Amino acid sequence: VKKGDRVAGLLGKEMELLVTVLATWKVGAVYVPLFTAFGPEAIMHRLNDAGCKVLLTKKEHAEKISGQEVSCQVLLTDEPNKQGLKFWEFVQSFSAEHETESTNVMDPAVIQYTSGSTGMPKGAVWAHKILIDVWPYMKYAIGLESDDIFMGGADPGWAYGLMNCTFCALNFGIPIVAYNGKFDVEKVYQLLEDYQVTNFTYAPTAYRMMLSAGPELLKKYDIKVKKFSSAGEPLNAEVIRFFEENLGRKIYDHYGATETGMIVNNYNVTDMEIKPGSMGLPMPGYEIALIDEEGNPVKRGEIGQIALDREAFHHFFLGYWQDEEKTREKMIGKWFGTGDLASEDEDGYFWFQGRVDDIILSAGYRIGPFEVESSLIEHPAVAEAAVVGKPDESKGEIVKAFVVLNSGYSPSDELAQELIQFVRSRLSKHQYPREIEFADELPKTPSGKIQRFKLKQNIQNSVY
C-alpha cells in the first residue's frame with residue numbers, strides 16, 4: 001500500500017480497525033469506512049467504486065462477498081493468513097522502523113460514502129484537514145475538557161463514529177470508551193458507571209430507547225456524565241425533557257452533513273438556552289445561510305436549504321470520488337447545498353424541517369415533516385412516526401403519517417382520529433396529518449435514518 005491507495009475497513013469498534021486506520025494515514029493512503037451491517041451489494045459497490053487495494057475484515061463479514069469477484073486483498077483479523085500467521089503475529093513480523101509519508105493538509109484521507117437514502121451512495125472525499133476543522137466542534141459543541149472520559153456510540157462505518165466518536169476525540173489526548181457490541185440500554189448505563197464517563201454522545205434512536213426504558217432503570221446506576229450530545233437526526237423534545245428531569249442535564253442537539261462536518265449546534269461549553277427540537281446556532285467561523293433554489297438567502301422564518309459558503313471557509317470536502325457532475329450539482333453559486341431544510345427563529349436558532357425532497361407542498365404551504373413527526377411522538381401511543389406528502393387533487397398534497405405504536409396499543413380508526421386531533425391541537429391548521437397509516441416498522445438506511453422516499457413510492461404506487 002502506497003500514497004493515494006485506498007484501504008477499506010469492515011469491522012466494528014475493534015483495536016485492529018483503529019490501528020489500521022492510523023497505519024493507512026501514516027503511509028499516505030486513503031481510508032474507506034464500511035458498515036458491518038452492509039450486505040454484499042453495498043460492500044462491493046464501495047470496494048469497486050473506490051478501487052480499494054486492501055480490505056480489513058473478519059471471517060463472518062468476508063463470507064458476505066464470497067463468490068464475488070473481489071479485486072482487492074482481503075486481510076482477516078480472526079483467521080491465519082497464507083503464512084499461518086494470526087493478525088497480530090503478522091503485524092509484528094514487520095520492522096518497527098517507519099517513516100511517516102509526507103502529506104499535505106488538503107491531501108485525501110477518507111472516502112466516506114453517504115448512506116444512500118436516494119440513489120447509489122456517493123463517495124465524499126475528505127482531506128486530512130478534517131482533523132483541524134472538527135476541533136471547534138469537539139471543543140465547544142461536544143465540550144471536551146482535558147479531564148474528560150469520552151464515550152460516543154456511533155459506528156466507525158459512518159462519519160460521526162469514525163471521526164467525532166474516535167479519532168477527533170483521541171486527537172484531544174483524552175481516553176475514550178469504545179464498546180463493540182449491540183446497543184442495549186442497560187449495558188450502556190453499566191458502561192457509563194463502570195468507566196466513569198463524563199462526556200457522552202449518541203444518536204437520537206438510542207436516546208429514545210433510553211426514554212422508553214423508563215426512569216427506574218436509570219436510577220439503578222451512578223452516572224457521572226456532565227455533558228450529553230446528539231447528532232444524526234433531530235432530537236425530539238420529549239427525550240430532552242426526560243434527561244433533564246432524571247439526570248439534571250439537557251441533551252445538546254447538533255447538526256451536520258457528511259460533506260460539511262458539524263455546522264449548526266447547541267454548545268455544551270455555554271449556558272445558552274436549549275430550545276427542545278432546535279438544532280441550535282451556526283458554528284462560529286463558518287458562513288451558514290438558509291437559501292432558496294436560486295441561492296438567495298430566505299427571509300427569517302421562511303424555510304430554506306442549509307448551505308455553507310465555500311468562499312468564506314476552505315473546508316475539508318474535496319468533492320465526490322471520481323464524480324465531478326454530482327459535485328457540481330451540490331453547488332449553488334458560492335454555496336454548498338446540504339439538501340436539508342430549516343427555518344430560523346427570531347433568536348437565530350435553526351429548526352430542521354426535512355430534506356429538500358421531503359418537503360410537503362399543501363395548499364400553498366411548505367410543510368416540513370419533522371415538526372409533525374415530533375408532535376406525533378409526544379403522544380404516549382406512538383413509538384416512531386414518519387410524515388410524507390400524498391398527492392391530492394385540491395391541495396396538491398396532503399400530510400400523511402406512518403406510525404409505529406408502542407406495546408400495549410393496537411391500530412384502530414379511533415386511535416388514528418385521536419392522533420390527528422392530537423397534532424391538530426398542537427400545530428398550525430395546515431400541518432396536521434389528514435391520514436394515519438399504522439406500520440410494524442419504518443424503512444431505514446443502515447445508519448438508522450428514515451427513508452421517506454420509500455414511503456412516498458408506496459403511496460404513488462397505490463394512487464396511480
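This chain uses plain numbering: 1 for the first residue, then up along the sequence. Keep in mind that what you see is a predicted model, and the values were worked out from it rather than measured.
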If the condition is ring-ring contact (aromatic ring centres under 6.0 Å, His included), which residues does F90 pass it with, not counting sequence neighbours? F94
For salt bridge (charged side-chain N to carboxylate O under 4.0 Å, His left out), just list the numbers for K444 and E384, CA-CA rounded to whole Å, side-chain angles, deciding distance to a tenth of an Å, and then say yes or no. CA-CA 12 Å; K444 296 178 181 176; E384 289 187 296; 2.5 Å; yes
Does K2 pair with D5 as a salt bridge, N-O distance under 4.0 Å? yes
Under the ring-ring contact (aromatic ring centres under 6.0 Å, His included) test, which residues partner F87, sequence neighbours left out? none
What pairs with Y137 under ring-ring contact (aromatic ring centres under 6.0 Å, His included), at least two apart in sequence or on another chain? H254
What do the steps show when you test K275 against D345 for salt bridge (charged side-chain N to carboxylate O under 4.0 Å, His left out), and what is the final call? CA-CA 11 Å; K275 299 185 179 185; D345 68 16; 2.9 Å; yes
Of Q457, E397, K454, K456, the residue whose pairing with V388 passes side-chain contact (heavy atoms from CB on, under 4.5 Å): K456
Without swapping roles, check the side chain of R6 against the backbone of I111 for a donor-acceptor pair under 3.5 Å. no
Taking the six-membered ring for Trp, are F242 and Y207 closer than 6.0 Å centroid to centroid? no
Please tell me whether F200 and Y202 form a close aromatic pair, meaning their ring centres lie under 6.0 Å apart. yes
Report all side-chain donor-acceptor pairs from residues 60-78 shorter than 3.5 Å, counting only partners two or more places apart or in another chain.
{"from": "K64", "atom 1": "NZ", "to": "T36", "atom 2": "O", "distance (Å)": "2.5"}
{"from": "K64", "atom 1": "NZ", "to": "F38", "atom 2": "O", "distance (Å)": "3.0"}
{"from": "S66", "atom 1": "OG", "to": "E63", "atom 2": "O", "distance (Å)": "2.9"}
{"from": "D78", "atom 1": "OD1", "to": "K59", "atom 2": "N", "distance (Å)": "3.0"}
{"from": "D78", "atom 1": "OD2", "to": "K59", "atom 2": "N", "distance (Å)": "3.4"}

Non-hydrogen atoms of L17 and Y31 that approach each other most closely: CD1-OH, 3.2 Å
Please answer whether the main-chain N or O of M44 pairs with a side-chain N or O of N48 as donor and acceptor at a distance below 3.5 Å. yes
Side-chain donor/acceptor of T327 to backbone N/O of D323, under 3.5 Å: yes
By side-chain hydrogen bond (donor to acceptor under 3.5 Å, both in side chains), D340 pairs with (sequence neighbours left out) Y255, R355
Determine whether a donor-acceptor pair (N or O, by modelled atom type, separation under 3.5 Å) exists between the side chain of T270 and the backbone of Y267. yes
What I want to find out is whether E101 reaches K26 closely enough, with some N-O distance under 4.0 Å, to be called a salt bridge. no
With distance as the sole test, does S374 use its side chain to make a donor-acceptor pair with the main-chain N or O of F370 at under 3.5 Å? no
Are Y113 and W321 close enough that their ring centers fall under 6.0 Å? no
Could you list the residues that satisfy ring-ring contact (aromatic ring centres under 6.0 Å, His included) with F228, not counting sequence neighbours? F243
